[in-house]
Amino acid sequence: MNSHVMAFGVTMSTLMIVHTVGALLRQWRQHRGLSQLDLAIAADVSARHVSLVETGKSKPSADMVLRLADQLHVPLRDRNRLLLAAGFAPRYAERPLDDTALSAALDAVRRVLRAHEPYPALVFDRRWNIVMTNRAVDPFFAQVAPDLLRPPVNLVRLGLDPRGLAPMVVNLADVRAVFRSRISRQLAAAPDAELTALYEELLRPLPEDPMGQRVDADVVIPMILRIGGRELRLFSTITTFGTPMDITIDEIAIESYYPADPESAAYFTP
C-alpha cells in the first residue's frame, strides 16, 4: 500500500432531505448556532435579505450562495449542493486523486509521505478510508488480517478491530477516545450519514467505558504500541490543504506519526 493511491469513493452527504436553497442555508445556519442577524453581519448583507433567501422569497445569485456558505464554513461538497438547489451549476470538481488535473497535489502528498520516513504517515479521506501510506507503515500492517487490507481500508476499523491493529495498542481505550473525540468534532462541523454509522458501530460510548472517556487534546495522548517485543510511544499531527478548490483535495488529510521518546525514535533508526 505504500505510496499508492487506493480506492477513493465518496457519495453525496446531506444534513436532512430538503430541496430548496433557502431551507439548506437555514439548516447550516442553525447547525452553526447563528441567528439571521449574525450571518448577515458576517456576510455583509442585510438580515432582511437573509430572511428572504431562507423563506424562498428572494432568489440568491451564485455569488451570494457562496458568500453565505463561506461564512457558514460549508464544505465544498455541500456548497455544490447549495448551488444546485439554487439552480446553478456546481462550482467545485471532484476528481480521483490520481487524475492528471490533481498531479501537483498528488506529487505534494507523495513528497510529504516520503519526507516523513522513517516514521509512519498515511493519507485518509473524510470517512477515514486510507488513501495512501508511506513505507514506514508496512511493518505495522504486516500484523493485520489480509481481508482488513482490502480497499477501502478504514483507519478507525483497522485500529480497533481485534484482527487489525488493536492487539498491538497498549492504551486502546485512549486511542478509541481520541477517535471518538475527533469524529464527534467532524460530525459537528459537517453531518454525514456514513460517518455517523461508523461512529455508532465502533465509537458509541458503552456502559463499561470509564466515565464516558473523552479526549479533547489529541496530540498530548500518545498511542502506545507493542511490536517485536518493544513498546513504542507515538503522537500524531494532521495536515490538510489550504483553500482547496477540488472536493477530493478538500476532504483528505495527512496523519504523520512521531516518536514521543528517544527509545521509540531508536526503533525507527537503522
Side-chain angles (χ1 to χ4, degrees), residues 1-14 69-70 73-81 90-117 119-138 140-141 148-159 165 178-199 202-203 218-219 223 234-258:
M1 280 198 297
N2 49 298
S3 293
H4 292 306
V5 179
M6 300 177 66
F8 192 87
V10 287
T11 58
M12 288 295 289
S13 67
T14 59
D70 188 54
H73 306 291
V74 177
L76 300 191
R77 174 180 301 279
D78 292 288
R79 294 188 193 200
N80 275 350
R81 185 169 180 237
R91 183 70 58 91
Y92 305 99
E94 181 180 11
R95 292 161 285 212
L97 190 55
D98 56 357
D99 189 280
T100 54
L102 300 183
S103 59
L106 179 58
D107 183 61
V109 171
R110 284 175 169 155
R111 285 173 181 268
V112 170
L113 292 178
R114 286 196 301 267
H116 194 64
E117 293 173 356
Y119 306 129
L122 51 82
V123 182
F124 59 90
D125 66 20
R126 69 190 174 110
R127 288 174 176 155
W128 294 75
N129 294 319
I130 299 174
V131 180
M132 300 172 66
T133 70
N134 68 5
R135 291 176 297 181
V137 171
D138 292 350
F140 299 94
F141 284 5
L148 290 177
L149 297 177
R150 295 193 193 108
V153 180
N154 187 270
L155 179 57
V156 180
R157 183 169 285 106
L158 189 67
L165 299 174
V178 169
F179 277 134
R180 182 181 298 140
S181 179
R182 287 167 63 176
I183 293 180
S184 293
R185 292 197 300 269
Q186 186 178 343
L187 287 171
D192 179 272
E194 289 190 29
L195 194 58
T196 297
L198 182 72
Y199 180 94
L202 298 172
L203 298 169
D218 302 355
V219 73
M223 177 172 60
L234 306 174
F235 69 90
S236 67
T237 62
I238 302 291
T239 303
T240 58
F241 281 83
T243 61
M245 293 298 291
D246 182 276
I247 292 173
T248 297
I249 297 301
D250 185 49
E251 294 179 346
I252 63 171
I254 305 172
E255 183 147 25
S256 304
Y257 296 86
Y258 297 83

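Counting begins at 1 with the first residue of the sequence.
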Using 0.5 Å steps for rounding, measure from the [atom1] atom of [X] to the [atom2] atom of [Y].
{"X": "Gln186", "Y": "Trp128", "atom1": "CD", "atom2": "CH2", "value": "6.5 Å"}
{"X": "His73", "Y": "Asp78", "atom1": "NE2", "atom2": "CG", "value": "14.5 Å"}
{"X": "Asp98", "Y": "Met132", "atom1": "CG", "atom2": "CE", "value": "9.5 Å"}
{"X": "Glu251", "Y": "Asp192", "atom1": "CD", "atom2": "CG", "value": "8.5 Å"}
{"X": "Asp250", "Y": "Arg77", "atom1": "CG", "atom2": "CZ", "value": "9.0 Å"}

What are the two closest heavy atoms between [X] and [Y], and how far apart are they?
{"X": "Tyr92", "Y": "Asn80", "value": "O-ND2, 2.7 Å"}
{"X": "Leu76", "Y": "Asp246", "value": "CD1-O, 3.9 Å"}
{"X": "Pro244", "Y": "Ile249", "value": "CB-CG2, 3.8 Å"}
{"X": "Leu155", "Y": "Phe179", "value": "O-CZ, 4.1 Å"}
{"X": "Val109", "Y": "Val123", "value": "CG1-CG2, 3.5 Å"}
{"X": "Asn154", "Y": "Arg127", "value": "ND2-O, 2.8 Å"}

**OP:** Check the pair Ile238 / Phe124 against side chain to side chain contact (heavy atoms under 4.5 Å, CB included), numbers first and verdict last.
**Re:** CA-CA 10 Å; Ile238 302 291; Phe124 59 90; 4.2 Å; yes
**OP:** Using the six-membered ring wherever Trp is involved, compare the ring planes of Tyr258 and Phe235 and label them parallel, tilted or perpendicular (cut-offs 30° and 60°).
**Re:**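 If you compare the ring of Tyr258 with that of Phe235, the planes turn out parallel.
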Verdict with supporting geometry, Ile183 and Val156, side chain to side chain contact (heavy atoms under 4.5 Å, CB included)
CA-CA 10 Å; Ile183 293 180; Val156 180; 3.8 Å; yes
- Task: Take Leu149 and Leu158 through the side chain to side chain contact (heavy atoms under 4.5 Å, CB included) test and state the conclusion after the steps.
- Result: CA-CA 8 Å; Leu149 297 177; Leu158 189 67; 4.1 Å; yes
Answer yes if the ring centres of His116 and Tyr257 are under 6.0 angstrom apart, and no otherwise.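 Not under 6.0 Å, so no.
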Is there side-chain contact between [X] and [Y], with heavy atoms separated by less than 4.5 Å?
{"X": "Tyr119", "Y": "Asn134", "value": "no"}
{"X": "Phe141", "Y": "Ile130", "value": "yes"}
{"X": "Tyr199", "Y": "Ser184", "value": "yes"}

Check: Is the closest basic N to carboxylate O distance between Asp70 and Arg79 below 4.0 Å?
Finding: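 A salt bridge is present here (some side-chain N lies under 4.0 Å from a carboxylate O).
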Short side-chain to backbone donor-acceptor contact, Thr248 and Arg95, under 3.5 Å
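Yes, the answer is positive, given that a donor and an acceptor are paired below the 3.5 Å cut-off.
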**Message:** Is it the case that the side chain of Glu117 and the backbone of Arg135 share a donor-acceptor pair, with hydrogens and angles ignored and the cut-off at 3.5 Å?
**Reply:**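 Yes: the side chain of Glu117 pairs with the backbone of Arg135.
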Between Arg185 and Ser181, do the side chains contain a donor N or O and an acceptor N or O under 3.5 Å apart?
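Yes, Arg185 and Ser181 have a side-chain donor paired with an acceptor closer than 3.5 Å.
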Practice item. For Arg126 and Leu195, run side chain to side chain contact (heavy atoms under 4.5 Å, CB included): C-alpha distance rounded to whole Å, both residues' side-chain angles, the deciding distance at 0.1 Å, then the answer. Key: CA-CA 8 Å; Arg126 69 190 174 110; Leu195 194 58; over 6 Å; no
